[in-house]
2 protein chains.
Amino acid sequence: MSHAFRHRDILDIARKEGKVTVEGLAQHFGVTLQTIRRDLSDLAEDGRLERVHGGAMLPSSTSNIGYEQRQTLNAKAKAAMAKACAQRIPNNISLFLNIGTSTEAVARELRGHKNLLVVTNNMNVANILAEMQDCEVVVTGGNLRRADGGLVGKLATETILQFKFDLAIIGCSALDRDGDLLDFDIQEVSVSQAILQQSRKTYLVADASKLKRNAPARIASLSEIDTLFTDAALPADLPAKCADWDTEVVVARP
Amino acid sequence: MSHAFRHRDILDIARKEGKVTVEGLAQHFGVTLQTIRRDLSDLAEDGRLERVHGGAMLPSSTSNIGYEQRQTLNAKAKAAMAKACAQRIPNNISLFLNIGTSTEAVARELRGHKNLLVVTNNMNVANILAEMQDCEVVVTGGNLRRADGGLVGKLATETILQFKFDLAIIGCSALDRDGDLLDFDIQEVSVSQAILQQSRKTYLVADASKLKRNAPARIASLSEIDTLFTDAALPADLPAKCADWDTEVVVARP
DNA sequence: GCGATTTTTTTCGTTTATGTTCGTTTTTTG
DNA sequence: CAAAAAACGAACATAAACGAAAAAAATCGC
């Protein structure tokens, strides 16, 4: 196997986990430590990674807006959900991806899809998709929210209203026991609502931790969602409600 | 079986797996390694795959690589111009930064400025500014152009027309002897024109190499620019023309 | 079926990638 | 603060992959 394959995978892992270790990578690829060291040196030379003793990290400068920590939270669960979700996304459609680490995970799994038109209000998603071929990327305008790379505000909603999507993939800050999607940010709520309004079909990606959180603003109800992707069985009477609402639930265990 | 069939299947596999190996394909098709190598060379020549030692990958990074190389070209000259430009940018204003490595350099030099509202159609600029405090960042919508991270198209122009800027900082692909600003991309031209139209004051940042290039589309004339930042004295009668036009010329030597 | 053409296989010298070893540097630990 | 452990990089050896070119096989038109 060539170093080129590893380089790409190493960057993938680094982006997913925030960091990589020499030992871990050697084990993962089944090669010697020295080989990995060479790889990391190469990547560091190109400025794609920052070399540290024992491994490497994402370079502090570019395209990462300082929320890598949250990103590593539940990384495996998110990857599993994202994979399940990506499998249900056909080729040749237009889709929207909104803000959130879960939707970013989905973006990463879209490699290999063909002829997609992806609209997003998430700078990170745009950065990820920029590296994929065979995928037209449209970014909505908006005010940049540093915390998560989101584009929000009037500009974002207005842009969205100009489109009609085959599929929308959204995340949310929290999910309550009544099956309501909640968010921390009022601005983001109106963006999400605009998305739902303009989409023929909607997928929600939300790991189980979202059920333990709370947030002030209501986006919508699960009844308006076609499919929910999560990583553990839903509690209480939510499964029954979803069945009632005709909302499919896909549980992708990590 | 003819190579055409294999080519199609190879691309299919590559898209599905993200990569292919010479060994794996040889086994899969029951042919020799050499045959597969020839196939991969062909596909790579057409730009459909990126050849690597031991196999091939989807050509994800090709456009980025070109850009990263371009970015380091004249890095010192760009930094000098950018510094001079940033010094002339006051605090507490709204400004626009468009596509180009020169404007990215300016963005980097904006660290330390206070209370700016920066609008940009350049993903890289947005990424850079995201790390700066005390600076509201607005991103225009648009189709993402992988080559340079630019956001172009109708969405971009429309967004720009909703603003009025105190200052616009623009770059261009080329600058001809008549003092005309030129660009490779028609889409980008209308974006740049919209910017000029909506700005009270305009700075152009263009290193001397732009004078040696040529490009098909005309953005505007230097006469419409307030200040030109460059890294070497202008040739021929351009200085006289600029004086005539009341266009200030700032030469920042690296 | 025959010759021309294309495609694939075979062969071989060259290039590239990986593994190994070992002395040096950095980090951890007592 | 010093000893021990871990990580590092350079140098060399080995293995894998490479491309060019000749030979063999398949395909096509007649």
Side-chain angles (χ1 to χ4, degrees), chain A residues 1-62 64 68-69 72 75 111-112 131 133, chain B residues 1-66 68-69 72:
Chain A
M1 198 203 298
S2 129
H3 60 146
F5 296 142
R6 282 197 310 270
H7 284 189
R8 197 190 45 174
D9 289 352
I10 288 173
L11 286 175
D12 268 355
I13 294 172
R15 279 195 270 263
K16 220 171 283 189
E17 315 266 334
K19 64 175 186 193
V20 289
T21 65
V22 174
E23 188 94 33
L25 290 172
Q27 210 144 15
H28 180 264
F29 291 112
V31 296
T32 43
L33 302 172
Q34 186 58 28
T35 303
I36 297 296
R37 289 202 191 100
R38 264 189 290 249
D39 288 338
L40 296 184
S41 304
D42 292 349
L43 290 167
E45 199 152 342
D46 292 356
R48 322 254 274 162
L49 282 182
E50 197 169 310
R51 190 70 212 277
V52 299
H53 204 81
M57 317 177 355
L58 292 174
S60 51
S61 57
T62 46
N64 275 293
E68 295 93 352
Q69 286 175 347
T72 61
R111 169 174 298 151
E131 303 203 347
Q133 63 156 31
Chain B
M1 193 194 316
S2 134
H3 60 136
F5 294 133
R6 279 200 312 272
H7 285 190
R8 189 176 40 111
D9 289 355
I10 289 172
L11 285 175
D12 272 352
I13 295 172
R15 275 196 270 266
K16 208 172 294 175
E17 315 271 330
K19 67 180 184 193
V20 290
T21 64
V22 174
E23 188 94 33
L25 290 172
Q27 212 143 17
H28 180 263
F29 291 112
V31 295
T32 47
L33 302 172
Q34 189 57 29
T35 302
I36 297 297
R37 289 204 190 100
R38 213 156 354 84
D39 288 338
L40 295 184
S41 304
D42 292 349
L43 289 167
E45 197 148 346
D46 294 355
R48 324 252 278 163
L49 284 182
E50 189 177 325
R51 189 70 213 278
V52 300
H53 204 83
M57 324 186 335
L58 293 175
S60 55
S61 51
T62 43
S63 56
N64 281 340
I65 286 171
E68 274 160 27
Q69 284 174 348
T72 60

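We use all heavy atoms of the structure for the numbers below, so side chains are in, but hydrogens, waters and symmetry mates are not.
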Query - Nearest to side-chain heavy atoms of A:Thr35, which nucleotide of D:dG19, C:dG19, C:dT20 - result: C:dG19
Query raised in the report: Can you tell which of C:dT8, C:dT10, D:dG9 lies closest to the side chain of B:Arg38?
Result: C:dT8
Query - B:Thr35 OG1 to B:Leu25 CG distance, which is reported to the nearest 0.5 Å - result: 11.5 Å
Query raised in the report: Can you check the B:Phe29 CZ to C:dT7 C1' distance for me, whole Å?
Result: 15 Å
**Report entry** Axis-to-axis angle between the two ends of the helix from C:dG1-D:dC30 to C:dG30-D:dC1 (five base pairs per end, rounded to 10 degrees)
**Finding:** 50°
Query raised in the report: Where is the tightest heavy-atom contact between B:Val20 and B:Ile10, given as atom of each residue plus distance?
Result: CG1-O, 4.1 Å
Query raised in the report: What are the two closest heavy atoms between A:Ser41 and A:Arg51, and how far apart are they?
Result: OG-NH1, 4.1 Å
Query raised in the report: Nearest 0.5 Å, what's the CG-CD distance between B:Leu58 and B:Glu50?
Result: 9.0 Å
Requested in this report: Take atom CD of A:Gln34 and atom C1' of D:dC12, then tell me their distance rounded to the nearest Å.
Outcome: 12 Å
Query raised in the report: C:dT8 P sits how many Å from B:Arg6 CZ, rounded?
Result: 4 Å
Requested in this report: Give me the one residue out of A:Asp12, A:Asp42, A:Leu40, A:Leu49 that meets side chain to side chain contact (heavy atoms under 4.5 Å, CB included) with A:His7.
Outcome: A:Asp42
Report summary line: Rounded to the nearest 0.5 Å, the CZ atom of B:Arg38 sits from the CZ atom of B:Arg6 at a distance of 7.5 Å
**Report entry** Under 4.0 Å protein heavy-atom contact, by nucleotide of nucleotides 1-7 of chain D - B base, S sugar-phosphate only
**Finding:** ------S
**Report entry** Atom pair NE2 (A:His28) and CD1 (A:Ile13), whose distance is rounded to the nearest 0.5 Å
**Finding:** 4.5 Å
Query raised in the report: Between B:Leu33 and B:Ala26, which heavy-atom pair has the shortest distance, and what is it?
Result: CD2-CB, 3.7 Å
Query raised in the report: How many Å lie between CG on A:Leu25 and C1' on C:dT18, as a whole number?
Result: 16 Å
